[in-house]
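As structure tokens, the structure follows; a few thoughts come after it.
Each chain gets a letter, A, B and so on, in the order the sequences are listed, and its residues count up from 1.
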Protein chains: 2
Amino acid sequence: MILTKPILQLWMMFALSTAWSGDLRGTGDLGIVVERARGSLLLIETTRNAAIGTIEGLGDLSHASAVFSRDGRYAYVFGRDGGLSRVDLLEQKVVNRVVQAGNSIGGAISQDGRLVAVANYEPGGVRVFDASTLAPVADIPATYGEGRTSKVVGLVDAPGNRFVFSLWDAGEIWVIDVKDPAVPSVRKFRNIGQQPYDALITPDGRYYLAGLFGEEGLALLDLWDLDKGVKRVLPDYGKGQEKLPVYKMPHFEGFAVAGDRAYVPAVGRNQVLVLSLRDWSEVGRIDVHGQPVFVIAQPGGRQVWVNFAFPENHKVQVIDTQSLQVAHTLEPGKGVLHMEFEPRGEEVWVSVRDEDRVRVYDTATLAQKAELSADKPSGIFLTARAHRIGF
Amino acid sequence: MILTKPILQLWMMFALSTAWSGDLRGTGDLGIVVERARGSLLLIETTRNAAIGTIEGLGDLSHASAVFSRDGRYAYVFGRDGGLSRVDLLEQKVVNRVVQAGNSIGGAISQDGRLVAVANYEPGGVRVFDASTLAPVADIPATYGEGRTSKVVGLVDAPGNRFVFSLWDAGEIWVIDVKDPAVPSVRKFRNIGQQPYDALITPDGRYYLAGLFGEEGLALLDLWDLDKGVKRVLPDYGKGQEKLPVYKMPHFEGFAVAGDRAYVPAVGRNQVLVLSLRDWSEVGRIDVHGQPVFVIAQPGGRQVWVNFAFPENHKVQVIDTQSLQVAHTLEPGKGVLHMEFEPRGEEVWVSVRDEDRVRVYDTATLAQKAELSADKPSGIFLTARAHRIGF
């Protein structure tokens, strides 16, 4: 067959169409691993425990995080440099990117999946974008006092198409309702405590808890009843600061709830605290090998996995939530930065920065099931997060 | 351009390739509605609240249910006629189908997504299939006594790649471990009570509860500690049978857990029972308009939605879990058969058989957001179930 010009044109259309459309596949078993130094994402698939691609061009990904569209096809990646990128996991490319602030610290996607919000340090506030286009929808400067603006931290989505966040400089918690996105309503809670540095929402979407750097305790807001206001709970929380140097402030993402207990990292102490969800009292402390960074419950809550700050950051410990004791200690290697459970809890992915490895463990046997190469991996995010509140 | 034969061939390849591959899209916002009379599925998408296709050829779909592959692309549909169909939601067609028994009653997919199990009445037992190929992997006849076999009910998946089910005729609960699928290990619990008719597993995957037709109470098995054996809880449960005619045995799927309470349909009474998850005691009863069939918690647990047996099957009631009272009554129309929440709880889909309609409600405002035509719709199943235990 002679390749005449019209035939060549058809071949090109054919070739482009297949390249453009990629492989038809489900998105429920996909995820991304942040390669922080290179500013890229490793695209992973949990069914075969395999890396299936690399996506470049995401800017500064130190301290990056991600959320997912409700169909699981797109990741929204929040970079430290204020970049917000919309990434098509099927076509394996960045399809939209805005640098929406000078310095930002994570974001969230609304309950209905229509809006993406970013928490900014500089300029301090929250910006809200259309999830389909990244067109700006609302700008909420975190103003307080006499025309000052505050860094924003601990931004989460909440039921009722709301976002909740904390103002580091102002000591406030704000709840914004974006049912009418162009005119968000803001409810401010003042004097919630000094320097909230991070926050979380319980898996049921009901309670927002902010950690306080400047004083003891946690600030608690019941999102089912805002009129009750912010209360202080766990009054001794954070008292460890003076006792031991704090190598790394613990993260609150992945607040571990199992049964009617919550597990939180102690600040500056080699302990995980156990709280009662009934009254937020401390009901136990579990000694661990180092200062905990992430304390994450296995889906179902039978295990809680913990990683640590330097110099114990080569270890992971597994707490049994029935005995409240450390049941296992693993050594995935130097620089364990993050852990992500598969949604039904049978396996957990662990990033090991200094070994350029991601390891997958069987949570029942603790055997390593797979090992993947990744360039300085940090955060691991699976698309199943699309279906959960507060992620 | 003259369409010579080679050019036509290329066009056909092009056209076939696009038709074959369908549209590239995520699978996280897909779902199916069972059209019971026609034996078809309506393919739905929750982002636009739209019907996007119909899939035919599934046999007898009365009392049908479905589970999903871990990537969200495939539905496994369990028909009453023993048919097990693997349906590709992207290509909108049945890709594999086996009639594996004469009469079956639902199924489950293993925690790792590799195996699908079906509960059979005739021949009584459980059959396990490879999720990719539907090739038979294991056959577990529900034998008891002197060579008799029992109908199987209440089949669920459980953590640790296990399946749990109940034997109606034998009064037993079996736990099968399929880590080595060809040689499943079976643990049998005998004398658990007369005629278990349905069962459920709590959302954390820990407790299996079977309802008993032949006597009062529920049979409870702690899957974290099988050695404790089966206990009887809620000793008065089911005592309503003699008081009022039972129009329809309540379903246990979608056992409603909110906070540390569970909500279960009373048998033969116009009530929803409230249980404490701490000790399985009854802590309240909520009067409702009819005999409850499905009692389902909104993700997050703020609301519990209830539908009813005839003659109240045109209504849905919404319980507020803080006040423990009915907060709203909706009238979607005659023959409300099922309800399915979107995974983050902002909307709920309701099938209304006698009006050939599926209605979508906003859970915050209770406004109807969309209305779709469907032929005698019954069960509604969204792909987000792929990421949860016990569905």
[X] portion near chain A, given a 4.5 angstrom heavy-atom threshold:
X      : value
B:Q322 : side chain
B:S110 : backbone
B:T46  : both
B:D157 : side chain

Measuring from atom [atom1] of [X] to atom [atom2] of [Y], what distance do you get when rounded to the nearest 0.5 angstrom?
X      : Y      : atom1 : atom2 : value
A:T47  : B:R73  : OG1   : CZ    : 12.0 Å
A:D204 : B:R302 : CG    : CZ    : 11.0 Å
A:R70  : B:E45  : CZ    : CD    : 8.0 Å
B:D71  : A:R48  : CG    : CZ    : 10.5 Å
A:L30  : B:T27  : CG    : OG1   : 8.0 Å
A:L24  : B:D88  : CG    : CG    : 7.0 Å

As an exercise: rank [options] by heavy-atom pairs under 4.5 Å with chain A and give me the winner.
options                        : answer
B:K179, B:R206, B:R114         : B:R114
B:D225, B:T363, B:L382, B:I109 : B:I109
B:L89, B:T365, B:D260          : B:D260

Nearest heavy-atom neighbours spanning B:G28 and A:H387: O-CE1, 3.2 Å

Donor-acceptor contact below 3.5 Å, side chain A:Q111 vs main chain B:R344: yes

Contact winner vs chain B - A:G72, A:G301, A:P343, heavy-atom pairs under 4.5 Å: A:P343

Choice from A:Q298, A:E347, A:R25 maximising heavy atom contacts with chain B below 4.5 Å: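 Going by pairs under 4.5 Å, I would pick A:R25.
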
